[in-house]
Amino acid sequence: MALRVFNTLGGKKERFEPLEPGRVRMYVCGPTVYDACHIGHARSVVVFDVIARYLKAKGFEVTYVRNFTDVDDKIIDKANQLGIDSMAVAEKYIKEFYNDMDALNVERATIEPKATEHINQIVQFVEKLIQKGFAYRINGDVYYSVEKFNEYGKLSGRRLEDMEAGARVDIDERKQNPFDFVLWKSAKPGEPAWESPWGMGRPGWHIECSAMSNEYLGETFDIHGGGKDLCFPHHENEIAQSESVSGKLFVKYWIHNGFVNINQEKMSKSLGNFLMIKDVLKIYHPETVRLFLLSNHYRSPIDFTDKALDEAKTGLDKIYALLERIEKEIGVQPDQNIEPGDCWQRFSDAMDDDFNSARGIGMLFDTVRSMNRLLDQKKNHGSPEIKKAAQSDHSDILRIGSILGILMESPKVYFKRKQTRVLERQSIDPDVIDQMIAERDQARKAKNWAKSDQIRNQLADMNIVLEDRSEGTIWKIND
RNA sequence: GGCGGCAUAGCCAAGUGGUAAGGCAGCGGUCUGCAAAACCGCUAUUCACCAGUUCGAAUCUGGUUGCCGCCUCCA
């Protein structure tokens with residue numbers, strides 16, 4: 001099946017055909033590093049991580065560029081607040097970004113450029129814009145003139161005339177149009193600054209993406225992504241800058257992800273409800289967070305609630321439990337040489353439809369249920385048919401996991417770690433549990449159900465759930 | 001004021017013309033000493049409302065209502 005993607009430019013799903021067959025070049029706007037990453041960053045980064053993984057799985061050679069904005073007013077403000085150098089602020093939060101994203105099992109992009117390491121390219125880009133008459137100087141500042149670009153507004157579907165009516169824009173009398181934006185900003189004393197034909201200064205926000213994408217992906221490339229909020233003005237401005245210089249189409253497919261709400265509310269400074277990734281990860285397994293983030297279509301808003309996260313956790317446990325069951329009962333081990341089967345095919349069909357991970361996850365649970373059903377019919381466990389089916393599903397589930405970035409641990413390790421975590425939190429000694437289970441076993445053998453149930457209830461109060469299986473009693477933890 | 005999105009069972013959610021995926025919760029059943037887990041069955045004759053197009057619409061068109069986002073830094 002052919003891959004289809006929703007293109008913000010044009011507003012509809014289109015068949016995906018990269019400029020160069022077999023190769024995909026994509027650029028995703030990374031963070032401005034002035035603070036820790038919140039769950040909204042996580043969504044964007046995870047969504048595009050999955051898109052890149054899926055494209056690779058489909059056989060494309062993917063060049064993925066994700067930048068860091070490491071010079072910016074907000075970074076400077078933060079530096080002043082902390083009384084440290086702005087580069088130190090950027091460094092600190094880049095480090096935190098990697099900590100968070102590594103924890104979330106996000107793969108590194110092919111190239112992760114920083115604005116401050118591309119000042120030459122940026123200056124040259126601005127010079128070209130001035131030469132071509134799209135930009136003008138006011139003392140040490142350089143502005144882009146939106147009226148010079150006929151197609152300004154084509155991405156976000158706005159027209160300059162419409163916006164002026166009610167826009168809440170600071171009127172800067174020096175600008176030719178209120179929507180003109182800064183390409184190069186002159187430095188005040190103490191601010192980070194680089195030399196330029198217009199004096200010491202720093203790049204405006206939008207220009208770095210035009211300059212760096214051009215540097216690594218060329219004048220025209222396949223996919224440009226980011227959060228929905230970047231559509232205007234950031235991406236609109238990137239198009240204006242890049243297409244003014246090249247005279248060519250900048251990006252073929254624009255992909256924008258929706259927001260994360262917290263209990264139905266937008267995250268905002270005033271509500272003080274920013275959820276930081278590192279805090280979320282103190283409570284939830286990274287794979288739980290990923291499964292949650294991918295359980296809605298990437299373009300829809302998603303609501304972060306404890307209930308939703310608990311459901312994701314239950315779902316993840318269920319998948320791991322099946323993997324463990326297959327491995328134990330059928331003796332199947334992970335094997336990457338097994339050909340993709342029906343399960344993968346259904347998942348892949350869902351992903352081909354605008355990266356519909358939500359539907360794909362539905363397909364995954366379908367497989368989990370049917371495999372459990374098959375395994376419930378105990379009598380045939382030795383049969384070659386069951387073994388083959390189990391092997392195929394097992395391998396497909398792991399393959400799907402490798403796209404979603406989940407199921408990376410062996411089930412044994414996953415459940416063990418979970419136990420350790422919860423037991424430590426509750427300060428329970430696992431030996432005590434084993435002792436109690438042994439004691440209960442004795443009682444059961446003596447058919448002393450009262451005592452047996454009493455022990456089980458005691459354990460239940462410690463969040464320990466028993467399962468009496470034919471091969472013996474096992475215990476699981478409720479976290 | 002301008003632009004855009006959304007409205008599907010108790011909750012979450014997929015579904016863009018062919019007769020409602022999946023998850024969670026609940027109830028009943030199989031299994032079990034009883035449970036747990038797993039599985040099976042039940043839970044939307046119906047997709048905010050009204051009108052229209054069509055042999056046929058949750059899906060298309062027009063309108064109404066409600067919610068949300070963007071237009072200012074924002075993933």
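We use all heavy atoms of the structure for the numbers below, so side chains are in, but hydrogens, waters and symmetry mates are not. Numbered from 1 within each chain, the chains take letters A, B, ... in sequence-line order. Given the structure is predicted, the values throughout are model-derived calculations rather than measurements.
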Inset, instruction - Record whether the side chain of Arg43(A) comes under 3.5 Å of the base of A75(B) through a donor-acceptor pair of N or O atoms. - result: no

Inset, instruction - Could you tell me whether the side chain of Glu208(A) and the main chain of Ile122(A) form a donor-acceptor pair under 3.5 Å? - result: no

Legend entry - Residues forming a ring pair (Phe, Tyr, Trp, His ring centres under 6.0 Å) with His394(A), sequence neighbours excluded: none

Legend entry - Side chain Arg159(A) and base C3(B) donor-acceptor under 3.5 Å: no

Inset, instruction - Using whole Å, report how far CD1 of Ile326(A) lies from P of C39(B). - result: 12 Å

Inset, instruction - Give a yes or no on whether a donor-acceptor pair under 3.5 Å exists between the nucleobase atoms of G33(B), that is its base, and the side chain of Asp453(A). - result: yes

Legend entry - Integer angstrom distance from the C1' of A21(B) to that of C12(B): 14 Å

Legend entry - Nearest-angstrom distance from the residue atom NZ of Lys154(A) to C1' of C71(B): 20 Å

Inset, instruction - Return yes when atom NZ of Lys13(A) has more than 12 non-hydrogen atoms of other residues, nucleotides or ligands closer than 6.0 Å, and no otherwise. - result: yes

Legend entry - Atom-pair distance (CG on Asn257(A); P on G5(B)), nearest Å: 17 Å

Inset, instruction - With sequence neighbours excluded, give me every ring-ring contact (aromatic ring centres under 6.0 Å, His included) pair touching residues 26-51 of chain A. - result: Tyr27(A)-His224(A), His38(A)-His41(A), His38(A)-Phe274(A)

Legend entry - Listed once per pair and sorted, the ring-ring contact (aromatic ring centres under 6.0 Å, His included) pairs that draw on residues 301-329 of chain A, sequence neighbours left out: Phe292(A)-Phe304(A), Tyr320(A)-Tyr414(A)

Inset, instruction - Could you check whether the rings of His235(A) and His256(A) sit parallel, tilted or perpendicular, using 30° and 60° as the cut-offs? - result: tilted

Legend entry - Side chain of Arg456(A) - closest among C74(B), C34(B), G15(B): C34(B)

Legend entry - C50(B) and A37(B), which share atom name C1', separated by this distance in whole Å: 49 Å

Inset, instruction - Check the distance between A75(B)'s C1' and Phe97(A)'s CZ and give it to me in whole angstrom. - result: 10 Å

Inset, instruction - Between A9(B) and A44(B), how far apart are the C1' atoms? Round to whole Å, please. - result: 5 Å

Legend entry - Pair pattern of RNA chain B in dot-bracket, where unpaired bases get dots and | marks partners in another strand, Watson-Crick or G-U under 3.5 angstrom: ((((((((.[[[..)..(...]]].(((((.......))))).....[[[[[..)....]]]]])))))))....

Legend entry - Residues in side-chain contact (heavy atoms from CB on, under 4.5 Å) contact with Arg440(A), at least two apart in sequence or another chain: Arg444(A), Ser452(A), Ile455(A), Arg456(A), Leu466(A), Asp468(A), Thr473(A)

Inset, instruction - Tell me, with the steps shown, if Asp49(A) and Leu104(A) meet side-chain contact (heavy atoms from CB on, under 4.5 Å). - result: CA-CA 10 Å; Asp49(A) 178 52; Leu104(A) 280 173; over 6 Å; no

Inset, instruction - For Phe259(A) and A75(B), say yes or no: do the ring centres fall under 5.5 Å of each other while the ring planes differ by less than 30°? - result: no

Legend entry - With sequence neighbours excluded, residues passing side-chain contact (heavy atoms from CB on, under 4.5 Å) with Asn105(A): Arg53(A), Arg290(A), Met408(A)

Inset, instruction - Report yes or no: does Glu329(A) contribute a side-chain atom to a donor-acceptor pair with the main-chain N or O of Ile326(A) at less than 3.5 Å? - result: no

Inset, instruction - Sticking with atom C1', work out how far C70(B) lies from U64(B), rounded to a whole angstrom. - result: 24 Å

Inset, instruction - For Glu265(A) and C67(B), give me the distance from atom CD to atom C1', rounded to whole Å. - result: 14 Å

Inset, instruction - Look at the side chain of Thr110(A) and the backbone N and O of Tyr64(A), then say whether any donor-acceptor pair between them is shorter than 3.5 Å. - result: yes

Inset, instruction - Name the nucleic acid region contacted by Gly226(A), choosing base, sugar-phosphate or nothing; use a 4.0 angstrom heavy-atom cut-off, strictly under. - result: sugar-phosphate

Legend entry - Phe365(A) vs Arg440(A), nearer the 5' end of RNA chain B by closest nucleotide: Phe365(A)

Inset, instruction - Provide the distance between the two P atoms, one in C24(B) and one in U16(B), to the nearest whole Å. - result: 24 Å

Legend entry - Nucleic acid contacts - residues 29-42 of chain A versus RNA chain B, non-hydrogen atoms under 4.0 Å: His38(A), Gly40(A), His41(A)

Legend entry - Rounded distance (Å) that lies between atom C1' of G15(B) and atom CG of Asp354(A): 13 Å

Legend entry - Side-chain N or O of Asn296(A) closer than 4.0 Å to phosphate OP1/OP2 of A13(B): yes

Inset, instruction - Quick one: label Val45(A) by what it contacts on the DNA or RNA (base, sugar-phosphate, nothing), any heavy atom closer than 4.0 Å. - result: nothing

Legend entry - Whole-Å gap separating P (C11(B)) and CD (Gln264(A)): 11 Å

Legend entry - Heavy-atom donor-acceptor pair, Asn257(A) side chain to Arg299(A) backbone, under 3.5 Å: no

Legend entry - Residues from residues 276-294 of chain A lying under 4.0 Å of RNA chain B - heavy atoms: none

Inset, instruction - Using the P atom on both, measure G62(B) against C68(B) and round to a whole Å. - result: 24 Å

Legend entry - Length of the line joining Leu230(A):CG and U72(B):C1', which is rounded to integer Å: 14 Å

Legend entry - Asn261(A) side chain reached by Met267(A) side chain, heavy atoms, under 4.5 Å: no

Inset, instruction - Looking only at side-chain atoms of Lys74(A), point me to the closest of C73(B), A75(B), A14(B). - result: C73(B)

Legend entry - Which nucleotide in G33(B), A21(B), A14(B) has an atom nearest any side-chain atom of Met363(A): A21(B)

Inset, instruction - Between A14(B) and U65(B), how far apart are the P atoms? Round to whole Å, please. - result: 27 Å

Inset, instruction - For G29(B) and A36(B), measure between their P atoms and round to the nearest Å. - result: 12 Å

Inset, instruction - Please lay out, stage by stage, how Phe68(A) and Tyr98(A) fare under the test ring-ring contact (aromatic ring centres under 6.0 Å, His included). - result: CA-CA 11 Å; Phe68(A) 286 107; Tyr98(A) 280 130; 5.6 Å; yes

Legend entry - ring pair (Phe, Tyr, Trp, His ring centres under 6.0 Å) partners for Phe181(A), two or more places apart: Tyr144(A), His206(A)

Nucleotide N/O to protein N/O under 3.5 Å, stretch nucleotides 36-38 of chain B:
residue, atom, partner, partner atom, Å
A37(B), O4', Glu467(A), OE2, 3.4
A38(B), O3', Asn372(A), ND2, 3.2
A38(B), O2', Arg325(A), NH1, 3.4
A38(B), O2', Asp376(A), OD1, 3.2
A38(B), O2', Asp376(A), OD2, 2.9

Inset, instruction - Could you check which of G22(B), A14(B), C74(B) has an atom nearest any side-chain atom of Asp366(A)? - result: G22(B)

Inset, instruction - State which residues pass ring pair (Phe, Tyr, Trp, His ring centres under 6.0 Å) with Trp205(A); sequence neighbours excluded, sorted by chain then number. - result: His234(A)

Inset, instruction - Name all residues meeting the ring pair (Phe, Tyr, Trp, His ring centres under 6.0 Å) criterion together with Phe347(A); count only those two or more places apart in sequence or in a different chain, and write none if there are none. - result: Trp344(A)

Inset, instruction - Look at the side chain of Ser452(A) and the base of G33(B), then say whether one donor and one acceptor between them are separated by less than 3.5 Å. - result: yes

